[in-house]
Amino acid sequence: MSDRIRLSIDGRELTVEPPLSLLQAATADGTPLTSNVGCMGQGVCGACRCLVRREGEREVSTVLACETSAENGMQVSFIDYFTPHRPHVYDIVGITDSWRIADAVRDVFPEADHCRHCGGCDRACPKGLEVQRGVALAAAGNLAGAADIFDQCVMCNLCTLACPEHIWPNHLGLMVRRAVTALGLRPSDLIARLAEIERGQQPIDFSGRDDHDAAAGAARKG
């Protein structure tokens with residue numbers, strides 16, 4: 001009996017025999033799984049998101065219960081799923097010009113330009129993704145880079161819950177991943193450069209004046 005561990009899950013005091021995941025421990029007393037469960041241990045659906053405080057620690061962290069081992073003295077609280085208050089509607093099939101996909105992403109997720117860089121989304125992600133950096137890359141038009149960051153996203157919605165600007169980072173990442181896969185984007189740096197030129201930023205001088213002045217200077221030296 002000495003190797004058994006005690007922990008609290010949603011206010012229920014449990015004593016379990018390790019090794020068990022938090023999801024397994026939650027059913028140890030016969031409680032049926034009616035929510036917060038999906039892939040049953042694969043860590044790919046994000047349904048079993050929960051808050052965890054370990055014994056002797058003040059910090060609360062977000063984890064997936066199916067891939068986190070139960071430890072003695074843990075306090076665990078499952079987080080219910082919630083739906084967007086303002087769904088982001090788009091149709092990837094309707095975006096036929098891959099040169100304009102970055103503009104389409106900004107039109108659907110204009111909040112991405114207003115990221116406060118508070119890091120809340122990074123701390124909330126149970127997968128340890130660089131969510132904030134992914135949002136910044138998407139806002140800058142580097143959709144391929146953003147897609148790489150969000151590739152392991154399990155759509156748990158915790159980053160969205162933590163975002164004060166209501167960016168819905170995981171849904172932004174999902175749109176970016178879909179766009180990159182469906183459209184086979186052209187080089188992101190070239191797309192961004194052309195967009196800058198159209199907005200009048202960093203204009204290119206086609207007059208040839210600089211080249212002419214340089215040539216004249218070289219002739220005088222000669």
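Residue numbers run from 1 in the order of the sequence given. Everything numeric in this text was worked out from a predicted model, so none of it was measured.
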K.L.:
Has Q24 got a side-chain atom pairing as donor or acceptor with S21's backbone, closer than 3.5 angstrom?
P.N.:
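Side chain of Q24 to backbone of S21: a pair is present.
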
K.L.:
Could you work out, with side chain to side chain donor-acceptor pair (under 3.5 Å) as the rule, every residue matching E59, not counting sequence neighbours?
P.N.:
none

K.L.:
Identify whether V180 and I101 are in the same connected component of the hydrophobic contact network (ILVMFWY, side-chain heavy atoms under 4.5 Å).
P.N.:
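Yes: a chain of side-chain contacts under 4.5 Å links V180 to I101.
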
K.L.:
Same cluster for M74 and F78 if Ile/Leu/Val/Met/Phe/Trp/Tyr side chains link at under 4.5 Å?
P.N.:
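As far as the 4.5 Å side-chain criterion goes, F78 and M74 are connected within one cluster.
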
K.L.:
List for me each residue that meets salt bridge (Lys or Arg N to Asp or Glu O under 4.0 Å) alongside E55, sequence neighbours excluded, and say none if there are none.
P.N.:
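In terms of salt bridge (Lys or Arg N to Asp or Glu O under 4.0 Å), with neighbours along the sequence ignored, E55 is linked to no residue.
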
K.L.:
Would you mind reporting whether C159 and C125 have side-chain heavy atoms less than 4.5 Å apart?
P.N.:
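They are not in side-chain contact.
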
K.L.:
Tell me whether V131 shares a hydrophobic cluster with V105, the cluster being built from Ile, Leu, Val, Met, Phe, Trp, Tyr side chains joined at under 4.5 Å.
P.N.:
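The answer is yes; both residues are in one hydrophobic cluster.
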
K.L.:
Taking salt bridge (Lys or Arg N to Asp or Glu O under 4.0 Å) as the test, write out the residues that go with R12, two or more places apart.
P.N.:
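R12 satisfies salt bridge (Lys or Arg N to Asp or Glu O under 4.0 Å) with D29 once adjacent residues are dropped.
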
K.L.:
Taking atom types as modelled and ignoring hydrogens, do the side chains of T15 and R6 form a donor-acceptor contact shorter than 3.5 angstrom?
P.N.:
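Yes, side-chain donor-acceptor contact under 3.5 Å.
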
K.L.:
In chain order, what residues pass the salt bridge (Lys or Arg N to Asp or Glu O under 4.0 Å) check against R178, with sequence neighbours excluded?
P.N.:
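Counting only residues at least two positions away or on another chain, R178 forms no salt bridge (Lys or Arg N to Asp or Glu O under 4.0 Å).
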
K.L.:
Sequence neighbours left out, what pairs pass side-chain hydrogen bond (donor to acceptor under 3.5 Å, both in side chains) with at least one residue falling in residues 117-132?
P.N.:
E67-K127

K.L.:
Evaluate the side-chain contact (heavy atoms from CB on, under 4.5 Å) criterion for residues C163 and L161: first the C-alpha distance (whole Å), next the side-chain angles of each, then the deciding distance (0.1 Å), finally the verdict.
P.N.:
CA-CA 6 Å; C163 180; L161 182 62; over 6 Å; no

K.L.:
By side chain to side chain donor-acceptor pair (under 3.5 Å), which residues pair with R53, not counting sequence neighbours?
P.N.:
none

K.L.:
Restricting to side chain to side chain donor-acceptor pair (under 3.5 Å), what partner residues turn up for T62, sequence neighbours left out?
P.N.:
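Counting only residues at least two positions away or on another chain, T62 forms no side chain to side chain donor-acceptor pair (under 3.5 Å).
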
K.L.:
At their closest point, which heavy atom of A162 faces which heavy atom of P164, and how far apart are they?
P.N.:
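Here A162 and P164 meet closest at O-CD, 3.3 Å.
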
K.L.:
Please tabulate, for side-chain N and O atoms in residues 106-114, each donor-acceptor pair with protein atoms closer than 3.5 Å (sequence neighbours left out).
P.N.:
from, atom 1, to, atom 2, distance (Å)
R106, NH1, A139, O, 3.2
R106, NH2, D103, OD1, 2.8
E111, OE2, R86, NH2, 2.2

K.L.:
Please list every donor-acceptor pair under 3.5 Å in which a side-chain atom of residues 145-156 meets a protein atom from a residue at least two apart or in another chain.
P.N.:
none

K.L.:
List for me each residue that meets side chain to side chain contact (heavy atoms under 4.5 Å, CB included) alongside V16, sequence neighbours excluded, and say none if there are none.
P.N.:
I5, L7, L14, L20, A25, A28

K.L.:
Are there more than 12 heavy atoms of other residues, nucleotides or ligands under 6.0 Å from atom CZ of R177?
P.N.:
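For R177, atom CZ is crowded (more than 12 foreign heavy atoms under 6.0 Å).
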
K.L.:
Can you confirm whether L33 sits close enough to L23 that some side-chain heavy atom of one is under 4.5 Å from a side-chain heavy atom of the other?
P.N.:
yes

K.L.:
Minimum heavy-atom separation for V135 and C115, please, with both atom names.
P.N.:
CG1-CB, 4.4 Å

K.L.:
Take E17 and D3, measure what side-chain contact (heavy atoms from CB on, under 4.5 Å) needs, and give me the verdict at the end.
P.N.:
CA-CA 7 Å; E17 182 110 16; D3 59 345; 3.5 Å; yes

K.L.:
What is the minimum heavy-atom distance between C39 and Q42, and which atoms define it?
P.N.:
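Looking at all heavy atoms of both residues, the shortest contact is SG-N, 3.5 Å.
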
K.L.:
Using modelled atom types and a 3.5 Å cut-off, is there a donor and acceptor pairing between side-chain atoms of R49 and backbone atoms of G46?
P.N.:
yes

K.L.:
Could you give the distance from CG (N36) to CD1 (I79), rounded to the nearest 0.5 Å?
P.N.:
8.5 Å

K.L.:
Rounded to the nearest 0.5 Å, what separates atom CG in L158 from atom SG in C121?
P.N.:
11.5 Å

K.L.:
Can a donor-acceptor pair be found, under 3.5 Å and without considering hydrogens, that links the side chain of T31 to the backbone of T27?
P.N.:
no

K.L.:
Quick one, C50 and L22 - any side-chain contact, counting heavy atoms below 4.5 Å?
P.N.:
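Touching, per the 4.5 Å side-chain cut-off.
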
K.L.:
Atom CG of D10 and atom CD of Q75: how far apart are they, to the nearest 0.5 Å?
P.N.:
11.5 Å

K.L.:
List for me each residue that meets side chain to side chain donor-acceptor pair (under 3.5 Å) alongside R116, sequence neighbours excluded, and say none if there are none.
P.N.:
E165

K.L.:
Taking only residues two or more places apart in sequence, or in another chain, which ones meet Y90 in a ring-ring contact (aromatic ring centres under 6.0 Å, His included)?
P.N.:
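Testing Y90 for ring-ring contact (aromatic ring centres under 6.0 Å, His included), a comparison that skips the adjacent residues, returns none.
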
K.L.:
Determine the minimum heavy-atom distance between L64 and G43, stating which atoms define it.
P.N.:
CD1-O, 4.1 Å

